[in-house]
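All heavy atoms count here, side chains included; hydrogens, waters and symmetry mates do not. In this chain, residues are counted from 1 in sequence order.
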Amino acid sequence: MSHSLLLRAARLAARLDAVLPHDFDLAPSEEEIDVVIPVVEKDLGILPLCLEGIRRQTTNRLGSFYLVAPPTARLQAFVAAEGLRLVPEDEVLGYGAAAIDYRPLGRNRAGWIFQQLLKLSGRVGRAEHFLVIDADHILVRPHTFLDASGRTVLYRSEERYPPYYRKLRQLTGLRYHSPLSYVAHKMLFSRTQLAALRGLIEQRSGLPWDRSILAALEPDEVSCFSEYETYGTFLPDAAKRHLPWRNRTLPYGKLLPYAELCRKYAGFHRALTFPEWKNRS
């Protein structure tokens with residue numbers, strides 16, 4: 001099936017999934033989960049709204065909040081004011097984005113892939129499960145990420161992208177068959193499952209897991225790997241359940257105080273995203 005037909009199928013499936021009835025009111029697990037957010041200074045404009053959404057709309061018990069970031073003065077001041085923990089990004093893997101030479105089609109994508117490696121490392125926080133959420137993503141309706149039966153709740157979008165599945169197959173041997181996507185700007189990770197995934201990648205390649213991913217990147221494809229797609233596919237069916245993300249993507253000009261965002265958009269949408277690409281001239 002061609003790329004265009006796959007995208008059309010994904011959009012149709014997402015529209016159907018969005019309007020069909022779903023039970024969003026899931027009983028949460030009693031287990032505490034950590035929150036891990038990779039950030040840079042430019043995220044500080046939206047990050048307070050992201051944090052407010054997590055605190056107000058996550059039904060699971062929340063443990064510690066970790067920002068994985070360069071330890072700049074502004075970020076350190078923000079962490080201190082918000083009662084968060086700052087993890088210097090260069091200390092997680094023993095190297096930073098500057099150590100990665102990845103410029104597909106002349107674009108510097110080192111930071112993009114470095115953030116994905118940070119998430120897959122499982123080295124930030126202490127709880128068995130930790131929620132990773134993009135700093136420009138704001139929850140406006142209740143979300144359960146680990147249900148009472150211990151299953152991970154994965155939210156899915158229409159952002160299907162074939163290069164992700166080629167790399168998934170190459171690195172893990174797995175295939176993803178759904179027209180919907182696990183790329184939904186947030187995901188709950190299990191440290192135990194992540195260790196198994198990293199082990200599978202190393203077993204197949206004979207290299208450390210992070211080096212395996214870096215070696216597999218394509219010089220003529222600016223987005224050829226997805227940590228969310230890879231982990232979501234790897235997670236056993238018995239350990240996960242799916243819900244539609246019902247997200248609205250908006251430009252910065254639509255930013256409002258949190259209560260006003262909820263009043264304006266939470267009638268149907270469950271989350272809002274204010275991505276940088278939406279604001280490029």
Side-chain angles (χ1 to χ4, degrees), residues 33-60 62 64-89 92 97 108-116 118-119 124-125 130-143 145 155 157-159 181-189 223 226-228 244-281:
I33 65 174
D34 284 340
V35 178
V36 176
I37 311 176
V39 300
V40 292
E41 271 198 13
K42 67 180 178 62
D43 296 320
L44 287 175
I46 301 177
L47 183 57
L49 293 169
C50 173
L51 292 169
E52 187 167 1
I54 296 167
R55 288 166 171 152
R56 289 180 179 272
Q57 305 295 350
T58 302
T59 64
N60 298 98
L62 298 174
S64 298
F65 281 66
Y66 300 87
L67 297 191
V68 184
T72 66
R74 285 186 67 202
L75 284 168
Q76 289 177 325
F78 180 83
V79 164
E82 291 285 333
L84 314 174
R85 301 185 182 190
L86 179 66
V87 178
E89 61 182 17
V92 177
N108 186 354
R109 297 287 275 166
W112 169 80
I113 191 63
F114 178 63
Q115 283 206 353
Q116 297 192 58
L118 291 175
K119 300 169 193 176
V124 179
F130 62 96
L131 171 65
V132 171
I133 187 166
D134 293 353
D136 58 6
H137 192 63
I138 303 167
L139 308 180
V140 294
R141 294 286 296 277
H143 282 65
F145 294 98
Y155 295 86
S157 74
E158 69 277 14
E159 296 190 17
S181 170
Y182 289 119
V183 179
H185 303 312
K186 54 184 175 285
M187 181 167 279
L188 186 77
F189 290 94
S223 297
S226 167
E227 79 285 43
Y228 291 147
W245 70 334
R246 293 188 179 171
N247 176 76
R248 177 80 179 269
T249 300
L250 296 166
Y252 295 156
K254 299 291 186 179
L255 277 169
L256 295 166
Y258 183 77
E260 292 182 38
L261 288 174
C262 291
R263 280 195 296 270
K264 187 169 184 178
Y265 296 106
F268 175 78
H269 301 288
R270 306 192 68 83
L272 308 173
T273 307
F274 292 84
E276 183 181 10
W277 63 262
K278 188 79 171 176
N279 299 274
R280 293 174 186 156
S281 56

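In this structure, the side chains of D43 and I37 stay at 4.5 Å or more apart for every pair of heavy atoms. In this structure, the side chains of N60 and L188 stay at 4.5 Å or more apart for every pair of heavy atoms. When side chains are defined from C-beta on, K119 does not count as touching M187, because their heavy atoms never get closer than 4.5 Å. For the pair H143/Y155, a side-chain contact is recorded, criterion being any heavy-atom separation below 4.5 Å from C-beta on. A 4.5 Å side-chain heavy-atom check between L261 and I138 finds at least one atom pair inside the cut-off. Here the side chains of V39 and F78 are not in contact, with every heavy-atom distance at 4.5 Å or above. Contact check for V140 versus R248: no side-chain heavy atoms found under the 4.5 Å cut-off. A 4.5 Å side-chain heavy-atom check between L47 and L67 finds at least one atom pair inside the cut-off.
Here the straight-line distance linking atom CG of L139 with atom CG of L131 works out to 7.5 Å at 0.5 Å rounding. Rounding to the nearest 0.5 Å gives a distance of 8.5 Å between CZ of R141 and CD of Q57. Atoms CD and OG1, from E159 and T249 in turn, are 6.5 Å apart once rounded to the nearest 0.5 Å. Note that CD of E52 and CD of E82 are 9.5 Å apart. Values are rounded to the nearest 0.5 Å. Taken to the nearest 0.5 Å, the CD atom of E260 stands 10.5 Å off from the OH atom of Y265.
Residues F274 and Y252 share a closest heavy-atom pair of O-CE2, 3.3 Å. The two atoms that bring P38 and A135 nearest to each other are O-CB, 4.5 Å, heavy atoms only. Minimum interatomic distance between P71 and L86 (heavy atoms only, all atoms of both residues): CA-CD2, 3.8 Å. D34 and S64 make their closest contact through OD1-N, 3.1 Å (heavy atoms, listed as atom of the first residue, atom of the second, distance). The shortest heavy-atom contact between D136 and P275 is OD2-CA, 3.3 Å. Across all non-hydrogen atoms, the minimal contact from L118 to V92 is CD2-CB, 3.6 Å.
Listed for the R270 side chain is a donor-acceptor partner under 3.5 Å among the backbone atoms of P142.
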TODO: Carefully, step by step, assess W112 and S223 under the rule side chain to side chain contact (heavy atoms under 4.5 Å, CB included).
DONE: CA-CA 9 Å; W112 169 80; S223 297; 4.1 Å; yes

Open item on the list: Could you go through N247 and S157, starting from their C-alpha distance and side-chain angles, then the distance that decides it, and tell me whether this counts as side chain to side chain contact (heavy atoms under 4.5 Å, CB included)?
Closed with: CA-CA 8 Å; N247 176 76; S157 74; over 6 Å; no

Open item on the list: Let's go through F189 and F145 carefully: what are the C-alpha distance in whole Å and the side-chain angles of both, what is the deciding distance for side chain to side chain contact (heavy atoms under 4.5 Å, CB included) to 0.1 Å, and is it a yes or a no?
Closed with: CA-CA 10 Å; F189 290 94; F145 294 98; over 6 Å; no

Open item on the list: Using side chain to side chain contact (heavy atoms under 4.5 Å, CB included), reason through I33 and L62 one step at a time and then give a plain yes or no.
Closed with: CA-CA 5 Å; I33 65 174; L62 298 174; 4.0 Å; yes

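By the neighbour-count criterion of 12 heavy atoms within 6.0 Å, atom CZ of R85 is sparsely surrounded, having that number or fewer from other residues, nucleotides or ligands. A 6.0 Å sphere centred on CZ of R55 holds more than 12 heavy atoms belonging to other residues, nucleotides or ligands.
Between H137 and H185, the two ring planes are tilted [angle within 30° to 60°].
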